[in-house]
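Below: the structure, in structure tokens.
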Amino acid sequence: MSLKSISIPRPDDWHLHLRDDSILAAVLPNTARIFGRAIVMPNLRPAVCTARAAVAYRSRIEALIPEGSNFTPLMTAYLTDATDPLELRAGWNDGIFSAAKLYPAGATTNAEDGITDILQLDNVFEMLQELSMPLLIHGETMNQQVDIFDREAVFIEDTLLPLRQRYPAMRIIFEHITTNEAVAFVEAADENVAATITPHHLMLNRNDIFKDGLRPHYYCLPVAKREHHRRSLRVAATSGNPKFFLGTDSAPHLTTDKESDCGCAGVYNAATAMSCYTQVFDEEQSLDKLAGFASHHGPDFYHLPRNTETITLTRAGTLEQPPDIDINGGKIRQFLPETPVHWHLIHEQPQ
Ligand code: DOR
Ligand code: ZN
């Protein structure tokens, strides 16, 4: 008999974009009512590079957490060519930074100030390794000669493998992985390496981006790959391997910025992510592995306590497309795949 409902410890989101100002105010409640904590990405404009900027951003987030929610934002440092390792150490020791984020320069939204040459960052890597502070990596080569669908696999060979050799004790989270090569890299590495997996990369392959026409709301970076890569991600996520855990990469953009000549990368999935993940685990007959992926492996890797509250999802009719989120007249589209999702969150707010 298949399950009709499932309760798991309250999950955390180990990769989240909240933005700022009116978008922050509009999207934060969807995350805060479901997830206990979230690793908040620092790719604002200007980027969150210093502990001081992170404290200010954290205060702006905390001011908007809905009453009754005990959501905790965990802040990250945006690495640039000029990052001072002492700034990382101070922010880490003061409990302000939970991780550092490496964007190859130009890799994605607001990544212009990212790293131009990873080989020049030794003082930063030495500090991260010494502190055991996690390094979160957007893993795509910025060599524009490389086909966009190969950029993750090439990054592993060109950058990640040499980096691991030079800093074997550095703790790395390979973010939003999209390929069989990334799964294999993480599986083969020791306990210092983990990866996050998004709901959309578990549900979409690259055909979906072009099905019956161009689908800008399925466009994100790294871009979804071939079906066999999606299959590998599903196997990894549902395997029970503690190296793989939940990170939505929920990344809101106004529909006008996505449906444009040069559309932005990002899928906004905060409200639907838990339904989608549960659907995937159900389809893979692995609902018994959902709590590990969503609620245990992440805090274990970050050396943080697991959440004690629970959430419950029930299987019922097909989830309907949630309404766009209104931002001062602008809109944000919420992610839902075309394939049916049957799981509904019922205990959203811990009692
Ligand atoms: O699709 C993406 N959107 N990928 C990223 O890495 C960044 C994100 C964003 O900030 O919009
Ligand atoms: Zn992201």
Side-chain angles (χ1 to χ4, degrees), residues 1-6 8 11 13 15 30 34 149 176-180 182-183 195-239 244-253 255 258-259 263 265-291 293-294 311-325 331-346 348:
M1 248 261 310
S2 54
L3 275 182
K4 280 240 165 21
S5 86
I6 181 170
I8 60 168
D13 187 349
H15 183 131
N30 275 338
I34 301 168
F149 294 101
H176 42 51
I177 58 170
T178 61
T179 58
N180 181 47
V183 169
T196 54
I197 307 181
T198 76
H200 39 289
H201 289 113
L202 291 169
M203 297 190 118
L204 305 175
N205 66 26
R206 67 189 202 177
N207 279 354
D208 293 306
I209 306 170
F210 304 101
K211 184 162 174 257
D212 303 327
L214 187 59
R215 305 297 186 105
H217 297 285
Y218 289 166
Y219 171 59
C220 66
L221 288 169
V223 71
K225 307 296 193 301
R226 288 178 185 271
E227 175 62 7
H228 76 89
H229 293 294
R230 187 180 76 106
R231 291 260 13 117
S232 285
L233 297 175
R234 285 184 161 229
V235 171
T238 60
S239 66
F244 299 104
F245 48 84
L246 186 158
T248 64
D249 199 13
S250 179
H253 289 280
T255 51
K258 288 194 66 69
E259 300 167 5
V267 168
Y268 176 65
N269 61 24
T272 53
M274 278 318 300
S275 294
C276 290
Y277 281 122
T278 308
Q279 180 69 33
V280 167
F281 277 68
D282 189 9
E283 287 166 6
E284 299 297 324
Q285 290 161 19
S286 305
L287 283 172
D288 59 322
K289 302 291 197 313
L290 182 64
F293 177 81
I311 63 160
T312 300
L313 297 108
T314 53
R315 183 165 42 200
T318 309
L319 209 66
E320 286 182 14
Q321 173 67 41
D324 289 352
I325 293 183
K331 290 189 183 319
I332 293 172
R333 181 71 47 83
Q334 305 206 52
F335 174 66
L336 198 67
E338 284 196 343
T339 49
V341 173
H342 296 294
W343 289 89
H344 303 246
L345 208 46
I346 56 170
E348 294 175 345

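Note that the coordinates shown come from a computational prediction; the quantities given were computed from them, not determined experimentally.
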Legend entry - Distance-only polar pair, side chains of Thr178 and Lys225, donor-acceptor under 3.5 Å: yes
Legend entry - His15 and His176 aromatic ring geometry - parallel, tilted or perpendicular at 30°/60° bounds: tilted
Inset, instruction - Find the distance between CD1 (Ile34) and CD1 (Ile311) and round it off to the nearest 0.5 Å. - result: 7.5 Å
Inset, instruction - Could you go through the side chain to side chain donor-acceptor pair (under 3.5 Å) check for His217 and Gln334 one step at a time? - result: CA-CA 9 Å; His217 297 285; Gln334 305 206 52; over 6 Å; no
Inset, instruction - Kindly indicate whether the side chain of His342, heavy atoms from C-beta on, has any atom under 4.5 Å from the side chain of Thr318. - result: yes
Inset, instruction - Output, in order, the C-alpha distance, side-chain angles, deciding distance and verdict of side-chain contact (heavy atoms from CB on, under 4.5 Å) for Arg230 and Leu202. - result: CA-CA 6 Å; Arg230 187 180 76 106; Leu202 291 169; 5.6 Å; no
Legend entry - Option from Thr314, Val341, Ile8, Leu287 for which side-chain contact (heavy atoms from CB on, under 4.5 Å) with Thr278 holds: Leu287
Inset, instruction - Give, for atom CD of Gln321 and atom CD of Glu338, the distance between the pair rounded to the nearest 0.5 Å. - result: 10.0 Å
Legend entry - Least distance between heavy atoms, Met274 atom then Pro11 atom: SD-CG, 3.8 Å
Legend entry - Over 12 foreign heavy atoms within 6.0 Å of CD, Glu320: no
Legend entry - Considering all heavy atoms, the nearest Phe244-Ile197 contact: CD2-CD1, 4.0 Å
Inset, instruction - Write down the atom of Pro337, the atom of Met203, and the distance for their closest heavy-atom approach. - result: CG-SD, 3.6 Å
Legend entry - Nearest heavy-atom neighbours spanning Ala224 and Leu204: CB-O, 3.9 Å
Inset, instruction - For Ser250 and Asn269, indicate whether the former's side chain and the latter's backbone hold a donor-acceptor pair under 3.5 Å. - result: yes
Legend entry - Spacing of Thr238 atom OG1 and Asp282 atom CG [to the nearest 0.5 Å]: 11.5 Å
Legend entry - ring-ring contact (aromatic ring centres under 6.0 Å, His included) against His229, all qualifying residues, sequence neighbours excluded: none
Inset, instruction - Please check if the side chain of His200 supplies one atom and the backbone of Tyr218 the other of a donor-acceptor pair under 3.5 Å. - result: no
Legend entry - Test item: Tyr219 and Leu221 side chains (from C-beta on) under 4.5 Å apart, heavy atoms: yes
Legend entry - Check: Thr272 and Pro322 side chains under 4.5 Å, non-hydrogen atoms: yes
Inset, instruction - Locate the shortest heavy-atom distance separating Asn205 from Asn207; write the atom from each residue and the value. - result: OD1-N, 2.9 Å
Legend entry - Working for side-chain contact (heavy atoms from CB on, under 4.5 Å), residues Asp249 and Val267: CA-CA 8 Å; Asp249 199 13; Val267 168; over 6 Å; no
Legend entry - Derivation and outcome, side-chain contact (heavy atoms from CB on, under 4.5 Å), residues Leu345 and Trp343: CA-CA 7 Å; Leu345 208 46; Trp343 289 89; over 6 Å; no
Legend entry - Minimum side-chain heavy-atom gap Thr248-Pro199 below 4.5 Å: yes
Inset, instruction - Decide side-chain contact (heavy atoms from CB on, under 4.5 Å) for His201 and Cys220; before the verdict, give the C-alpha distance in whole Å, the side-chain angles of both, and the deciding distance to 0.1 Å. - result: CA-CA 9 Å; His201 289 113; Cys220 66; 3.5 Å; yes
Legend entry - Any donor-acceptor pair under 3.5 Å from Lys258 side chain to Ile332 backbone: no
Inset, instruction - Output the distance between atom CG (Asn180) and atom NE2 (His228), rounded to the nearest 0.5 Å. - result: 6.5 Å
Inset, instruction - First locate atom OG of Ser239, then atom CZ of Arg234, and finally report the distance between them rounded to the nearest 0.5 Å. - result: 14.0 Å
Legend entry - From CZ (Arg333) to CZ (Arg215), nearest 0.5 Å: 10.5 Å
Inset, instruction - Determine, for Glu284 against Arg231, whether the closest basic-nitrogen to carboxylate-oxygen distance falls under 4.0 angstrom. - result: yes
